[in-house]
Amino acid sequence: MEAEPPLYPVAGAAGPQGDEDRLGDPDGPEAPLDELVGAYPNYNEEEEERRYYRRKRLGVLKNVLAASAGGALTYGVYLGLLQMQLILHYDETYREVKYGNMGLPDIDNKMLIGINVMPIAALLYTPVLIRFFGTKWMMFLGVGIYALFVSTNYWERYYTLVPSAVALGMAIVPLWASMGNYITRMAQKYYEYSHYKERDEHGPQQRPPRGSHAPYLLVFQAIFYSFFHLSFACAQLPMIYFLNHYLYDLNHTLYNVRSCGTNSQGILSGFNKTVLHTLPRSRNLIVVESVLMAVAFLAMLLVLGLCGAAYRPTEEIDLRSVGWGNIFQLPFKHVRDFRLRHLVPFFIYSGFEVLFACTGIALCYGVCSVGLERLPYLLVAYSLGASASSVLGLLGLWLPRQVPLVSGAGLHLLLTISLFFWAPKPRVLQHMWILYVAAILWGVGSALNKTGLSTLLGILYEDKERQDFIFTIYHWWQAVAIFVVYLGSSLPMKAKLAVLLLTLLVAAISYLSMEQKLQRGVVPRQPRIPRPQHKVRGYRYLEEDNSDESDAEGEHGAGGGCGRGDEEEDAALPSGPRPGPEPAGLCRRPCPYEQAQGGDGPEE
C-alpha cells in the first residue's frame, strides 16, 4: 500500500519538485531574502497610518471619559459624605449619645476652616506640584487625598478629621487645575491626531493655526461638565436611600422658623436642634461609609488605569526644566495679561454661584420652607438641570463665544432679582414647584458659566507651557470666593443677594470690555517662558534642531534673540522697521567639548 501524502507539507521536506516550490523558487535555507524579511505584499501604509491615528483618537476619548467620570465620582463622594456628616453632627441627641463631651461642633468648625482656608495658599504651591508630579499623577494624588478624607470618617476624632480636612483643602486647587489642564491638552492632542497629514506636510515643529482645537475643546468641556454636575445628584444618594428614613418631618424641624428667603438671617435661624427621630445604628453607618470608600477607590483606579499622560516624556522634561523659581513666579507674572485681569470678576462669581445654589437656594429658600427631607430632591433638580444644559456649551460651535457666557449671566441676573423679592412661608408646600424651577434654571446658568469659562481659557491660552498656570489662577480665585462665602455665612440674605448681583454685573461688563479690546487688536502682555535648562546634556540637547524643545520655544528661537522681553500691552505692534533676528547659534550655551577646548561658544 502506498502511504497517503500528509495533509500539510512538512517544514524543510523536499516536495515532488525537489527543493523548489511550484513557482520555481527554492525552499528552505536557500529561499530569497526578500521573501523572508521583505514588506508584506498586501501592506497598505496609508491605511495602517489611518488605523493608527484612529486608535490614538479613541484613546483620547477614553482619557476624557475616564477623567470626567473620576472627577464626578470623587466630588460626589466628598459632597455626600460631608452633607451626611454635618446633618448627623448637628443633631443634639446624636452628639450626646454617640460622642458625649468630645466637642463635636468644635471639631466640625475646625474641619470646615481647614477645607475653606487652606486653598488660599494654593497659588504658592500648585504650579510646582503639577510640574513636579505631572498632570496625570497630580490628578491621581488629588483623588487619593479625597479618598483619605472619606476613610478618616470611620473613626471620627479630632486627630483624624481635622488633619484630613487640612490635606483636602490643600488638594482642592491642584486637583481641579490639573483636571482643567488635562481636558484642554486632550482637545489639542485630538486635533493633532485628526490632522496628522497636515502636520506631516508642515513638519512636527510647525504650530497649528490659532484656535484650531476649539471645536474639540467645546465638545470635551461639555462632556466633562456634564459628568461633573451629575456629582451633585450622586451626592444625594446616601441621604435619599439612608438618612431620610431617620429624619423628622417639617412640622418638627421648622417649628420655630419664622422667616425664609429674602427675609432670612444667616443659615436656617430657628431650625430645631433635633432632626433625627431615631439614631442610625453604627453598623449601618459603617456600611454606607464603606460604599462611599469603594466609590472613591474606583475613582482612583479610573484615573490611574484609564487616563493616559497629558504630555510626552520630552515635553514633561522641558516643562520642569525652566527652573523651579520661575515656575513659582510665573502665576504672579501672568497678572500682567489684561485678559486675566478682566476675567477675575467672572472667576469670583463662578465660586459665588455654586455655593449660593447649595446654601442659598437649597437651604435658605428650600429647607427653610419645605423641610430638610426635601433637600436632596432640590439638589438633584439643580444637578440634572446643570448636567443636561452643559450640552448648550456646544452653541459656541455656531455662535460667537460671548453668547454662552453672557446668556448664563443674564439668566442668573433675572433669577437673582426675582429671589430678591421672594420670601416663601415656612411649612407651606404650595410653592414647592417654584423652588424646583428656580433650582433647574440656576443649574442651566451654572452650566453655561462653567463650560464657557473653561473653554474660553483653553482658547485664549493655547501654549502648553502656560495652561497649568492659567487654570491654577482660575481655580484659586474660585477658592477665594468660596472662602469669602464661608466668612459671610451669617449675613442677611438681602446682603448676600446684593453682593452676588454686584459681582455678576461687574463680571459681565469686565468680560465684554475684554472682548472689545481683543477685537480692536490690542496685544496682551504675556510673561516670557524661560528656555529649558537641562542638567543632563545628552546628544539630543546639543543639536541645533532640538527635538525636545516645545512649540513656543521653536517660535522664539526662530523669531528673536536671547534677550527677548515681554510683549506689548494695550497697544498694537509698532509698524516701523524691526531689527533682523540674531543667529540662533549665538544664543545657546557652549557644549562640553567647546568648554574643554576653552571656547566660549560658536564663532561668528
Side-chain angles (χ1 to χ4, degrees), residues 79 82-83 86-87 90 229 232-233 235-236 239-240 244 247-272 275 349 351-386 389 408 411-447 449 481-482 484-486 488-504:
L79 286 181
L82 188 64
Q83 177 179 320
L86 292 178
I87 291 174
Y90 178 82
H229 286 115
F232 291 89
Q236 307 312 310
M239 192 167 177
I240 292 174
N244 266 9
L247 295 177
Y248 277 115
D249 62 358
L250 73 164
N251 292 320
H252 175 84
T253 55
L254 303 179
Y255 183 77
N256 294 320
V257 176
R258 296 291 178 262
S259 59
C260 294
T262 187
N263 296 329
S264 61
Q265 174 83 23
I267 297 179
L268 297 179
S269 58
F271 202 69
N272 205 316
V275 296
Y349 177 75
F352 281 168
E353 58 95 3
V354 174
L355 274 196
F356 183 76
C358 298
T359 60
I361 295 177
L363 294 182
C364 297
Y365 282 88
V367 173
C368 184
S369 59
V370 298
L372 185 60
E373 62 271 21
R374 290 174 180 83
L375 170 64
Y377 304 105
L378 283 173
L379 289 176
V380 167
Y382 166 79
S383 173
L384 296 181
S389 302
L411 181 57
H412 277 182
L413 179 65
L414 295 176
L415 286 172
T416 306
I417 295 175
S418 302
L419 293 174
F420 211 100
F421 300 100
W422 186 43
K425 295 181 180 180
R427 302 184 300 279
V428 176
L429 302 180
Q430 283 77 8
H431 57 263
M432 191 162 51
W433 65 272
I434 303 177
L435 289 170
Y436 284 109
V437 170
I440 293 173
L441 292 179
W442 197 272
V444 174
S446 296
N449 175 16
I482 292 173
V484 171
V485 172
Y486 171 74
S489 58
S490 59
L491 292 174
M493 178 53 66
K494 281 188 170 63
K496 296 178 183 178
L497 288 171
V499 172
L500 191 70
L501 189 63
L502 179 63
T503 308
L504 176 58

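Side chain of Trp442 to main chain of Gly385: no donor-acceptor pair is present (N/O by atom type, distance under 3.5 Å, no hydrogens or angles). Glu373 places a side-chain N or O within donor-acceptor distance of the main-chain N or O of Leu250, the cut-off being under 3.5 Å. Side-chain atoms of Tyr365 come within 3.5 Å of backbone atoms of Leu419 as a donor-acceptor pair (strictly under, hydrogens ignored). For Ser389 (side chain) and Ala386 (main-chain N/O), no donor-acceptor pair under 3.5 Å exists by modelled atom type. For the pair Thr503 (side chain) and Val499 (backbone), a donor-acceptor distance under 3.5 Å is present.
Rounding to the nearest 0.5 Å gives a distance of 10.0 Å between CG of Leu414 and CG of Leu441. One finds the OG1 atom of Thr416 at 14.0 Å from the NZ atom of Lys496 (value rounded to the nearest 0.5 Å). Going from atom NE2 of His252 over to atom CG of Leu372 covers 11.0 Å, rounded to the nearest 0.5 Å. We find the OG-CD1 distance between Ser383 and Ile440 to be 11.0 Å, quoted to the nearest 0.5 Å. With values rounded to the nearest 0.5 angstrom, Leu254 atom CG is found 15.0 Å from Lys425 atom NZ.
A heavy-atom distance below 4.5 Å is not found between the side chains of Trp422 and Thr262. Met239 has its side chain within reach of Leu247: a pair of non-hydrogen atoms, C-beta onward, lies under 4.5 Å apart. Side-chain contact between Tyr90 and Val275 is present, with heavy atoms from C-beta onward closer than 4.5 Å. Contact annotation: the side chain of Asn449 approaches that of Tyr349 to within less than 4.5 Å [non-hydrogen atoms, C-beta and beyond]. Side-chain contact check for Asn244 versus Pro376: some heavy-atom pair is nearer than 4.5 Å.
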Could you walk me through whether Phe232 and Val380 pass side-chain contact (heavy atoms from CB on, under 4.5 Å), step by step? CA-CA 7 Å; Phe232 291 89; Val380 167; over 6 Å; no
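A distance below 2.5 Å between sulfur gamma atoms is met by Cys260 and Cys368.
When all heavy atoms are compared, the tightest approach of Lys494 to Phe420 is O-CE1, 3.8 Å. Listed here is the closest heavy atom pair of Leu429 and Arg374: CD1-NH2, 3.9 Å. Across all non-hydrogen atoms, the minimal contact from Leu378 to Ala362 is CD1-O, 4.1 Å.
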